[in-house]
Amino acid sequence: MERVFPYISVMVNNGSLSYDHSKDGRWTELAGCTADFRNRDHDTFLAVRYSRGRLTVMTDLEDKNEWKNCIDITGVRLPTGYYFGASAGTGDLSDNHDIISMKLFQLMVEHTPDEENIDWTKIEPSVNFLKSPKDNVDDPTGNFRSGPLTGWRVFLLLLCALLGIIVCAVVGAVVFQKRQERNKRFY
């Protein structure tokens, strides 16, 4: 799937993974979405919520106080007693991000009897996910496995481009010929 930047991505790490800046973290990304917050005349907002193994990210980019779903992942296990961090890594791009404020709230939820016996400070960050982040690894040819331009798609793209060039050439020739006829003078 092609990314459109600016892009919000989520990864869960227990310290064993590293973020690959050259691939924009695709190897470790669990989910992500495009968030066009650049050059706005108003503040944009991001809400991150983690409750009962579910991590959700919502955005309000239009200043309408309407939250739109960005990311929703279940099966996330995060320990308590750690820190919340935000990063604005831009890779080769140059961009400016200002985090004006962060408001953190502790959610009070009822736990099942099994969850009551868990020491949440000692669990390891993890995700019970159907697809492993390793499935996002690039293939040896340098193309992303789920890359959109393979086989028939490349052929159809080239065919459409060729037809477009032919149509432009014919229209250009007709317009040129009409102008030449209009500019003829009889002496």
Side-chain angles (χ1 to χ4, degrees), residues 1-38 43-62 66-140 142-148:
M1 177 188 247
E2 189 67 26
R3 288 187 184 188
V4 177
F5 291 94
Y7 187 82
I8 298 170
S9 66
V10 169
M11 70 180 280
V12 172
N13 191 355
N14 60 8
S16 65
L17 303 174
S18 61
Y19 184 87
D20 184 1
H21 289 278
S22 66
K23 302 283 188 207
D24 294 318
R26 287 184 189 217
W27 188 82
T28 54
E29 177 185 309
L30 296 173
C33 72
T34 296
D36 188 16
F37 51 79
R38 284 192 179 122
D43 292 337
T44 57
F45 298 93
L46 179 75
V48 179
R49 179 182 175 151
Y50 172 69
S51 178
R52 302 188 65 81
R54 183 176 178 190
L55 179 67
T56 57
V57 178
M58 296 176 288
T59 60
D60 178 11
L61 305 176
E62 304 297 327
E66 295 176 2
W67 295 99
K68 293 183 181 176
N69 287 333
C70 174
I71 297 167
D72 192 347
I73 305 172
T74 57
V76 177
R77 293 178 49 99
L78 298 176
T80 59
Y82 282 77
Y83 300 94
F84 184 82
S87 172
T90 58
D92 291 338
L93 304 173
S94 177
D95 214 340
N96 184 23
H97 304 278
D98 294 323
I99 298 175
I100 304 301
S101 68
M102 293 175 69
K103 296 179 183 179
L104 304 173
F105 302 95
Q106 180 175 346
L107 300 176
M108 302 304 287
V109 296
E110 292 184 25
H111 293 286
T112 65
D114 291 337
E115 292 174 332
E116 287 292 334
N117 297 328
I118 297 174
D119 184 358
W120 291 94
T121 62
K122 294 185 178 165
I123 65 169
E124 187 172 304
S126 63
V127 178
N128 300 333
F129 209 53
L130 295 175
K131 181 180 84 165
S132 167
K134 293 178 183 177
D135 292 339
N136 291 335
V137 176
D138 292 347
D139 70 14
N143 295 319
F144 196 61
R145 277 189 191 154
S146 61

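- Summarising the local packing, CD of E116 is surrounded by more than 12 heavy atoms from other residues, nucleotides or ligands at distances under 6.0 Å.
- The closest side-chain heavy-atom distance from H111 to I118 is not below 4.5 Å.
- Under a 3.5 Å cut-off, the side chain of Y7 and the backbone N or O of A35 do not form any donor-acceptor pair.
- Only one option out of D43, T44, L46 pairs with F37 in a side-chain contact (heavy atoms from CB on, under 4.5 Å); it is T44.
- To the nearest 0.5 Å, atom CZ of residue F5 and atom OG1 of residue T34 are 8.5 Å apart.
- Taking CG from N13 and OG from S126, the interatomic distance works out to 11.5 Å, rounded to the nearest 0.5 Å.
- In this structure, the side chain of R77 does not engage the main chain of N128 through any donor-acceptor pair within 3.5 Å.
- In this structure, V76 and Y50 have side chains that are in contact, with non-hydrogen atoms separated by less than 4.5 Å.
- Nearest heavy-atom pair across E115 and W120 is O-NE1, 3.4 Å.
- Listed for the T74 side chain is no donor-acceptor partner under 3.5 Å among the backbone atoms of R54.
- N14 approaches P125 most closely through the heavy-atom pair CB-O, 3.7 Å.
- Interatomic distance, CG of D36 versus CD of E62, reported as 8.5 Å (0.5 Å rounding).
- Side-chain contact of D114 with T112: a donor-acceptor pair under 3.5 Å is absent, judged by distance alone.
- With rounding to the nearest 0.5 Å, the separation of CD1 in I8 from CE in M58 is 12.0 Å.
- Between the CD1 atom in I73 and the CG atom in L30 there is a gap of 5.0 Å [rounded to 0.5 Å].
- The two residues E66 and D60 have their closest heavy-atom pair at O-OD1, 3.6 Å.
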For this session: Using the side chain to side chain contact (heavy atoms under 4.5 Å, CB included) rule, take L55 and V10 through it: C-alpha gap first, then chi angles, then the decisive distance, then the call.
Result: CA-CA 9 Å; L55 179 67; V10 169; 3.6 Å; yes
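- In this structure, the separation between SG on C33 and CD1 on I71 is 5.0 Å, given to the nearest 0.5 Å.
- For the pair M11 and E29, the minimum side-chain heavy-atom distance is 4.5 Å or more.
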